[in-house]
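Every heavy atom of this structure was used, including side-chain atoms; hydrogens, water molecules and symmetry mates were not. Proteins get letters first, then strands, A, B, ... in listed order; numbering begins at 1 in each. Note that this is a predicted model, so its numbers are computed, not measured.
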Number of protein chains: 2
Amino acid sequence: MVETNGHTSTEQAILDAAEELFFDKGYKLATTTAIAAKAGVTHAMLHYYFRTKEQIFLKILDKNMNEMFTMLQTVMSPDLTLKEILKEVVNLHYSFLSRHEKLPSLILELAGTCPEMFHRYKARLRETVDKEVFNHRMRFDREADAGTLNRIDWFQMMFMIISMNLSTFLALPLMRNVFGMDSRQETAFLEERRKEIIRTLYARLFGKGLPEESAVSQECII
Amino acid sequence: MVETNGHTSTEQAILDAAEELFFDKGYKLATTTAIAAKAGVTHAMLHYYFRTKEQIFLKILDKNMNEMFTMLQTVMSPDLTLKEILKEVVNLHYSFLSRHEKLPSLILELAGTCPEMFHRYKARLRETVDKEVFNHRMRFDREADAGTLNRIDWFQMMFMIISMNLSTFLALPLMRNVFGMDSRQETAFLEERRKEIIRTLYARLFGKGLPEESAVSQECII
DNA sequence: CCGATGTTTAACAGAGTTGTTAAACATAAT
DNA sequence: ATTATGTTTAACAACTCTGTTAAACATCGG
């Protein structure tokens, strides 16, 4: 049953079922039995192909994290104005999230309940953040000096962008639950949300006559 | 062993242990055995006092949700300017969250994995939201008409405030993990974050000369 | 002291979890 | 056809989870 890509069809079926269940229920609550059942095989097959639950999970997590890092690295193309870059960052991140709706909550679960599993990505994440800091932080400060941009701490700005995008998708299950949105309303809400995030970001960075609270302390977290 | 408050000391010990474990591990992963062990009793005691895991959980969740609703209702005192109200909303919500650091992720877990358990709060949440809409929405629209405020959809604004605050605390475990913050850095980060959230909100609402993206569509989700 | 009541323990039941293993099955090469 | 190889199954082991129960223990009113 070996196919051209080197995977057997059952191997792929297990991977697909596992990915869906891990994202749906999280690492601990997605059981090997349920994964096997969804793939249409005995749970012994899962251990035959991947030995342990942890190994199959890491294979899936790796795939998704790689896509995330690729997105993070390509997100900032240097030959654009800051204003264009910011819009691009929000849009790309946002579209990545709509293709990986449940990745954020999985990562948050992992950070909370099995941090050791998250360990393998820490170095890479820090490295990526640091690199982007060096690439773009100076530029923000220069524009702030020139007065074409309201001063903002770089880390706070990144945190703001990421958290505004993330929380939209983190809150989605809750919104569906409480407000009973259908898929048309959901699409409309997400689109309106994306625009509002850019609006807010632009207001913070390029708006004039901001109140005195806009003063920024110099301390930086990283 | 009955004490003055009507609870036995073991009953209280179980409640305390349960609260800590439920917030730490979530509903499904906090086991009755572990709760009993932490309380220093046999797990049979847990069933003697509370019959089932679900009942003890609901008792704890109820307590926390009540505090949340109280906070939500008292958060908007009507005899303040909009500007003052907004700052007050952010500050109260933020301080509530620092006292209930792990409530958001528990609620998100619940919405995802046991929505039926969340069901009992839906009506009350909708009701609270609706009430606040009627109380304050007109006021925002009036000020926007008068030009003392940039126009913004009320729901989007509430979502923005809540999500900026929430995501700060949702990301905290991850930040500790990745950047290894000590508690002094953490306090500084949280304080800087709180100020930045107010800055951003003020910029969006009161900033002048916002780019064309600031136009707001009229459609409303609720 | 005694019995009624409330509390605690230890053992058990039943279901579900991850992981192993020996035997059955399929398939292709010799 | 036979053998070697890879795949699949069903049964099993060891563990953990929730919940029950009968018996032991404490405490206090009479």
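- In this structure, A:Lys28 places its NZ atom 13 Å from C1' of C:dT18, rounding to the nearest Å.
- In this view, B:Ser163 and A:Ser167 satisfy the side-chain hydrogen bond (donor to acceptor under 3.5 Å, both in side chains) rule, not counting sequence neighbours.
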Are there any protein N/O atoms within less than 3.5 Å of an N/O atom in nucleotides 11-13 of chain C, and if so, which ones and at what distance?
none

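- Proximity of B:Tyr48 to the phosphate of D:dT20: no side-chain N or O atom is located under 4.0 Å from OP1 or OP2.
- In this entry the distance linking CD1 of B:Ile14 with C1' of C:dT9 reads 13 Å, nearest Å.
- One can place NE2 of B:His47 at 14 Å from C1' of C:dG14, the figure rounded to the nearest angstrom.
- Using a 4.0 Å heavy-atom criterion, one finds that B:Phe50 contacts no nucleic acid atom at all.
- Partners of A:His47 by side-chain hydrogen bond (donor to acceptor under 3.5 Å, both in side chains), not counting sequence neighbours: none found.
- An OP1 or OP2 oxygen of D:dT9 is reached within less than 4.0 angstrom by a side-chain nitrogen or oxygen of A:Thr42.
- For the segment residues 107-120 of chain A, no residue has any heavy atom less than 4.0 angstrom from an atom of DNA chain C.
- Remark: A:His100 pairs with A:Glu67 by the side-chain hydrogen bond (donor to acceptor under 3.5 Å, both in side chains) rule, at least two apart or across chains.
- Atom CD1 of A:Ile35 is separated from atom C1' of C:dT18 by 11 Å (rounded to the nearest Å).
- Rounded to whole Å, atom P of D:dT21 lies 16 Å from atom CE of B:Met45.
- The side chain to side chain contact (heavy atoms under 4.5 Å, CB included) check on B:Pro104 picks up B:Leu97, B:Leu166, B:Leu170, with sequence neighbours excluded.
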Residues 22-43 of chain A, side-chain donor-acceptor partners within the protein, below 3.5 Å, at least two apart:
from: A:Asp24; atom 1: OD1; to: A:Lys102; atom 2: NZ; distance (Å): 2.7
from: A:Thr31; atom 1: OG1; to: A:Ala34; atom 2: N; distance (Å): 3.1
from: A:Lys38; atom 1: NZ; to: A:Glu20; atom 2: OE2; distance (Å): 3.1

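- Spacing between atom CD of B:Glu11 and atom C1' of C:dT7 amounts to 12 Å, rounded to whole angstrom units.
- A donor-acceptor pair is defined here as one N or O able to donate and one able to accept, closer than 3.5 Å; such a pair exists between the side chain of A:Ser98 and the backbone of A:Ser95.
- Using a 4.0 Å heavy-atom distance criterion, B:Thr33 is classed as a base contact.
- Taking B:Asp62 as the reference, B:Arg120, B:Tyr121 meet the side chain to side chain contact (heavy atoms under 4.5 Å, CB included) condition, with sequence neighbours excluded.
- Rounded to the nearest 0.5 angstrom, A:Met160 CE and B:Thr168 OG1 are separated by 8.0 Å.
- The side chain to side chain contact (heavy atoms under 4.5 Å, CB included) check on A:Glu191 picks up A:Arg194, A:Lys195, with sequence neighbours excluded.
- Contacts of A:Phe169 classified as ring pair (Phe, Tyr, Trp, His ring centres under 6.0 Å), with partners at least two apart in sequence or in another chain: A:Tyr94.
- Atom CG of A:Leu29 is separated from atom P of C:dG16 by 15 Å (rounded to the nearest Å).
- Residues from residues 52-61 of chain B lying near DNA chain D, meaning a heavy-atom separation below 4.0 Å, are B:Thr52, B:Lys53 in numerical order.
- For A:Thr52, there are no side-chain hydrogen bond (donor to acceptor under 3.5 Å, both in side chains) partners, not counting sequence neighbours.
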